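To start, the structure itself, in C-alpha cells.
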Amino acid sequence: MAVSLQKPLSFLILIFVLSLHVLTVAAAENEVAEADALLRWKATLDNQSQSFLSSWASGSPCNSWFGIHCNEAGSVTNISLRDSGLTGTLQSLSFSSFPNLIRLNFSNNSFYGSIPPTVANLSKLNILDLSVNKISGSIPQEIGMLRSLTYIDLSNNFLNGSLPPSIGNLTQLPILYIHMCELSGSIPDEIGLMRSAIDIDLSTNYLTGTVPTSIGNLTKLEYLHLNQNQLSGSIPQEIGMLKSLIQLAFSYNNLSGPIPSSVGNLTALTGLYLSNNSFTGSIPPEIGMLRKLTQLFLEYNELSGTLPSEMNNFTSLEVVIIYSNRFTGPLPQDICIGGRLSALSVNRNNFTGPIPRSLRNCSSLVRARLERNQLTGNISEDFGIYPQLKYLDLSGNKLHGELTWKWEDFGNLSTLIMSENNISGIIPAELGNATQLQSLHFSSNHLIGEIPKELGKLRLLELSLDDNKLSGSIPEEIGMLSDLGSLDLAGNNLSGAIPKQLGDCSKLMFLNLSNNKFSESIPLEVGNIDPLESLDLSYNLLTGEIPEQLGKLQRMETLNLSHNLLSGSIPKSFDYLSGLTTVNISYNDLEGPIPPIKAFQEAPFEALRDNKNLCGNNSKLKACVSPAIIKPVRKKGETEYTLILIPVLCGLFLLVVLIGGFFIHRQRMRNTKANSSLEEKAHLEDVYAVWSRDRDLHYENIVEATEEFDSKYCIGVGGYGIVYKVVLPTGRVVAVKKLHQSQNGEITDMKAFRNEICVLMNIRHRNIVKLFGFCSHPRHSFLVYDFIERGSLRNTLSNEEEAMELDWFKRLNVVKGVANSLSYMHHDCSPPIIHRDISSSNVLLDSEFEAHVSDFGTARLLMPDSSNWTSFAGTFGYTAPELAYTMMVNEKCDVYSFGVVTFETIMGRHPGDLISSVMSTSSLSSPVDQHILFKDVIDQRLPTPEDKVGEGLVSVARLALACLSTNPQSRPTMRQVSSYLVDKWNPLTKSFSEINLGELFGL
C-alpha cells in the first residue's frame, strides 16, 4: 500500500516545486519590469526631481526606494510621492507594469500634462491622489474602469472638459474630490449610480446645467459640495431623499426658484449653504425640522416674506447668515434659545419690530450684524452683557436710547457701529474701558457733549463721530491714537483750534473735520502725516496761510479747504503733489498762481471760485501776468532829444531783427516739417510695433475715449501714473495707466524699454493682469491693461460690504493666486521678472474675487538701472527691511511684500506693528501677549473659521511669517510658497479658536 502511494505523492511534490519555481521566476521578472518602468519614468523628470529620487537606482524597487512600498511577494503596491517637489508628466509612466498597485499618491507636486488613459490598467487601485498639481486636459473616460477605487482626489489642478459619464461605473467609490479645477459642462445623470458615495466635492469649477435629479439615489451621501460653479435651475425635490446628508453646499451658483420643502427631510443636516444665488420665495416652514442645524447661510439671494416661527426650534444653531435678501417682519424671538449662537448676520433686509428677546442673554454671541433694517427698541434695555462679542453693527435702524452699557464687560469688542439711529445722550468716558475697541462708529445720531479724552486710551483704527451735535474742542489725547487710520468728526459743533497732536497720528489716511467751527490756522504738524490720502477741513473758520508742510503729503488724492478764511498764496510745495486728483479751495481769500498740476489746472469753476485773485493755467482763471519791468527814474537835465532818439533807435534795431528772423524762421520751418514728418512716421511705426496692430488701441482712440484724459474717467492713482477706465468705441473696456511726465522722462533707452514691454505683453497667466502695450507720445505716454472689475484688494478690504463678500475661502484663494503669479514671474520667465512693488493696491480682484497682480515689471521698466535703486521706495509698509540699508532689489523683496499682503488679507487691514512684534520672540514673551488668540487678530467682520478653513488660515499665516524673515536668505522662494500653499493644511492638536500667537509663530 505504501508503494502504491509513493508515485502519486512524488508527482504532487514535483508539481508543487515546479509551480513554486514558475511563480518565483514570474515574481522576479515582474519586479524587474516594475523597476525598469520606474527608472524610465524617472529619466523623464527634470534634473532636480531626479536628484531627489537618487535612491531609485539599480536593484529592486522594494529595497529602500523612496516612496515605494511592496507586498511580501516583492511587487509594488504603493507609490507615495506626496510633497516631493517633483516636476514632469505622467505620460511616460507605464501603468501596465504595476498589476498589484493599490495606492498612487502624487499630491502637491508640479506634474503637468494630461492624465493618460492607460491609468485604467491599474485594476486593483484603491486610492488615486493627483491633487495640487498643474495637470490639465480632460478626465479620461477610462477612469470609470477603476472599479476598485475607494478614494479619488484630482482637486487643485487645471483639468477642463466635462465630468465623464463613466464616473457612474465607480459604484464602490465613497470619496470623490475634483474641486478647484476648470471643469465645465453639466453634471452627468450617471452620478446617481455611485450608490456608495459618502463625500462628493465638485466645488469651484465652471459646471453648468441643473442639479441632476438622480442625485436623490445617493442615500449614503453625507457631504455634497457643488458650490462655486455656474449651475442653474432649481434644487430638485429629490434632494430630500438624502437623509444621511450632514452638509449641503450650493453657494455661489446661478440657482433660482424656491427652497424645496423636502429640505425638511434632511434631519441629520448640520450645515446648509445656499448663499449667492437667485433663490426666491420664503423659507419653507419645514426647515424647522432640522433640529441638528448649526450653520445656515442664505445671504445674497432674493428670498422674501417673514422668517418661519419654526426657526425658534433651532437649539443647536451657531451661525445664521441671511443678509442681503428681502425678508420682512420680525426676527425670531428665540433665535438664541439654545445658548450657542455665535454669529448672527441679518443685515440689509427689511426686518421690523424689536430686537429678539433671547439676544439679551445670548452670552455666546461673537458677531452680530443687524444693520440696514427697520428694527426698533431701546439699546439701553434690549441688550445685555456679551463677554465674547467682538463685532456689533446696529447702524441704519430706528433704535433709540443712551450709551449706558457696562463697557468694562465688553472686553473683546473690537468693532462697534451704531451709525444712523436715534441714539442720544453723551459719549461716556467709560467707553475707554472697552480696551479692545478698534473701530468705533457713532455717526448720524443725536449725541451731545464733548469727545471724551478717555478714547485716547484705546487702540482705535477708525473713529467716526460725524453728523451729531458734539461740542467743545478735540482733546489733545487724540494724538495718542497712533494706529488711527480714519478720523471723521464732520458735521458737529466742535470749535477751538485743530490740535497739533493730530500730527502724531502717523498712520492716518482719512481726515474729515469739515462743517464745524474750528478757528485759528491749520497746524503745521498735519504735514507730518505721510499716509494721508484725503483731507477735508471745509466749512470752518480757519485763518492764516496754507502751511507749506502740506506739500509733503505725496499720497494725498483729495483736498478740500473750501469755505474758510484762508489767505495768501498756495505754497510752491503743492507743485509736487502729483497724486492729487480732486481739490477745492473755493470761498477763501487766496491769491496768486495755482500749482501747475492736473488737479488744479482741470479743477471746475466751483472748486476755485470766490477767492481774492487766483490765476494760472485753468480755463476758468485769467492767466498770471509776468512781473512788471521797473522803469528807471528820469534824471533832471535829460533832454527831449534823448526821449525821442532812444525809441527811434530801438525801432530800427527791432526792424532789422524781425527781417532777419523771418528768413531764419522760414528755413527752420522747412527743416522742422521734414524732420517731424520722419518722426511721425517713425512714431507710428513704433506704435504699431508695440500694439501688435491692435487697431482698437490706437493712440487716437484712447485719447478720444477719455476726452483727453478727463478726471471723470480716473479710477486710481499710483506711484507711476494715473489709471483710467476706458470704454472704446467697440465696447471693449481696458484700463489705461497714463504715466507722470517726470516718470516718462526717465525712459532714456526706448529700444530696451520697448523690448521689455514686448516681453511683458507675451505673458499669459491667469493671475497676472494682461498688458496690451505701451504708447509713447510727446503729449501722453501710457500703458494699456486688461480691465479688472472689482478694483484693488485694498479697496475691497476697506469696504465693509465687499469685505464681507470676500469670505475666508475666497481670501485663501486670493493668497494662492498672488503666490502663483509671483512664482511664475520669478521662476518660469526668462529672464526672471521681479515686481518690486507688491502691495494690496497692486492686487486686483475680478468679479469672482480671483486675484490678478498688476504693474508687473513697471518699476524696472520705468527705472531701468537695477544696480542702483537709490530712488526706489516701493510702497510704505510693504518693502523689505533690508532696503533701509541697501538699495539692491531682488526676488526676496517680493517674497517679503507677499508676506505682508497675506497678513493683510487675513486680518482685513494692514498688519502694522504685528509684523515687528511677531518677528521678535522677546516681544511675545510676556504672559499678556502669549494669551492673545490668533482668532482675535484675524478679520472680525467674518465668522470665525472652522475645520479645514481654520487650519488653512493657520498654515497660511505660518507660511507668511517665513516670508517676513529679516534675513532675505531665510525666506522661501515663491516656487516653494506656491507649491506648499494650497491644501497643505496640517491637522492641529487644538481647535482653531484656541491657538494663540505664541503657538502660531512657534515662539
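Everything numeric here is computed off the predicted structure, so don't read it as measured data. In this chain, numbering begins with 1 at the start of the sequence shown.
Remark: the backbone N or O of Leu460 is not paired with any side-chain donor or acceptor of Asp483 at under 3.5 angstrom. Judged by distance alone, the side chain of Asn468 and the main-chain N or O of Asp466 form a donor-acceptor pair under 3.5 Å. Distance alone, capped at 3.5 Å, places no donor-acceptor pair between the Asp334 side chain and the Asn312 backbone. Although no hydrogens or angles enter the test, the distance criterion places a donor-acceptor pair under 3.5 Å between the side chain of Asn397 and the main chain of Leu370. Looking at Asn361, its side chain never comes within 3.5 Å of a backbone N or O of Ser358 through a donor-acceptor pair. Judged purely by atom type and a 3.5 angstrom limit, Asn229 uses its side chain to pair as donor or acceptor with the backbone of Leu207. No side-chain donor-acceptor contact under 3.5 Å links Ser282 to the backbone of Ser304. Of the possible polar contacts, one joining the Asn301 side chain to the Phe279 backbone as a donor-acceptor pair under 3.5 Å is found. Checked by atom type and distance alone, the side chain of Asn276 never pairs as donor or acceptor with a backbone atom of Tyr252 at under 3.5 Å.
Side chain to side chain, Asn325 and Glu302 fail the donor-acceptor criterion of an N or O pair below 3.5 Å. Between the side chains of Tyr177 and Asp199, at least one donor N or O lies within less than 3.5 Å of an accepting N or O. No side-chain donor from either of Thr213 and Glu238 sits under 3.5 Å from a side-chain acceptor of the other. A donor atom on one side chain and an acceptor atom on the other are not found under 3.5 Å apart for Ser244 and Glu222.
For Lys220, the NZ atom counts as loosely surrounded, since its 6.0 Å shell holds 12 or fewer non-hydrogen atoms of other residues, nucleotides or ligands.
Residues Glu430 and Lys406 are not paired through a salt bridge, judged by the lack of any N-O separation under 4.0 Å between the basic side chain and the carboxylate. Between Lys810 and Glu848 no salt bridge is recorded (no basic side-chain N to carboxylate O distance below 4.0 Å). Using a 4.0 Å cut-off between charged nitrogen and carboxylate oxygen, Arg811 and Asp939 count as a salt-bridge pair. Salt-bridge annotation for Glu371 and Arg369: present, with a side-chain N of the basic residue lying under 4.0 Å from a carboxylate O of the acidic one. With respect to the salt-bridge test (charged N to carboxylate O, under 4.0 angstrom), the residues Glu805 and Arg790 qualify.
Taking the six-membered ring for Trp and the full ring otherwise, Tyr323 and Tyr300 have centroids separated by under 6.0 Å.
When each of Glu299, Arg372, Arg326 is checked for a side chain to side chain contact (heavy atoms under 4.5 Å, CB included) with Arg348, only Arg372 meets the rule. Put simply, the residue from Leu344, Val346, Leu331 that forms a side chain to side chain contact (heavy atoms under 4.5 Å, CB included) with Pro356 is Leu331.
Within the 4.5 Å cutoff, the side chain of Leu274 has heavy atoms near those of the Ile259 side chain. At least one side-chain heavy atom of Arg340 sits under 4.5 Å from a side-chain heavy atom of Ser316. Between Leu298 and Leu303, some side-chain heavy-atom pair lies under the 4.5 Å cut-off. Residues Ile187 and Thr210 form no side-chain contact, since every pair of their non-hydrogen atoms from C-beta on lies 4.5 Å or further apart.
Summarising the geometry, atom CG belonging to Leu458 is positioned 6.5 Å from atom CG belonging to Leu431; distances are rounded to the nearest 0.5 Å. To the nearest 0.5 Å, the span separating CD1 on Ile355 from CG on Asn378 amounts to 10.5 Å.
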Worked verdict on Glu420 versus Ser395 for side-chain hydrogen bond (donor to acceptor under 3.5 Å, both in side chains): CA-CA 5 Å; Glu420 299 178 59; Ser395 61; 5.8 Å; no
Report the C-alpha separation of Glu904 and Ser840 in whole Å, then their side-chain angles, then the decisive distance to 0.1 Å, and conclude whether the side-chain hydrogen bond (donor to acceptor under 3.5 Å, both in side chains) test is met. CA-CA 8 Å; Glu904 185 173 358; Ser840 57; 3.0 Å; yes
Check the pair Ser443 / Ser419 against side-chain hydrogen bond (donor to acceptor under 3.5 Å, both in side chains), numbers first and verdict last. CA-CA 5 Å; Ser443 59; Ser419 305; 2.9 Å; yes
Going through the distances and angles, do Ser464 and Asp488 end up as a side-chain hydrogen bond (donor to acceptor under 3.5 Å, both in side chains)? CA-CA 5 Å; Ser464 296; Asp488 193 348; 5.1 Å; no
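Relative orientation of the Trp407 and Trp405 rings is tilted, given thresholds of 30° and 60° on the angle between their planes. Taking the six-membered ring for Trp and thresholds of 30 and 60 degrees, Phe383 and Tyr386 have ring planes more than 60 degrees apart, a perpendicular arrangement.
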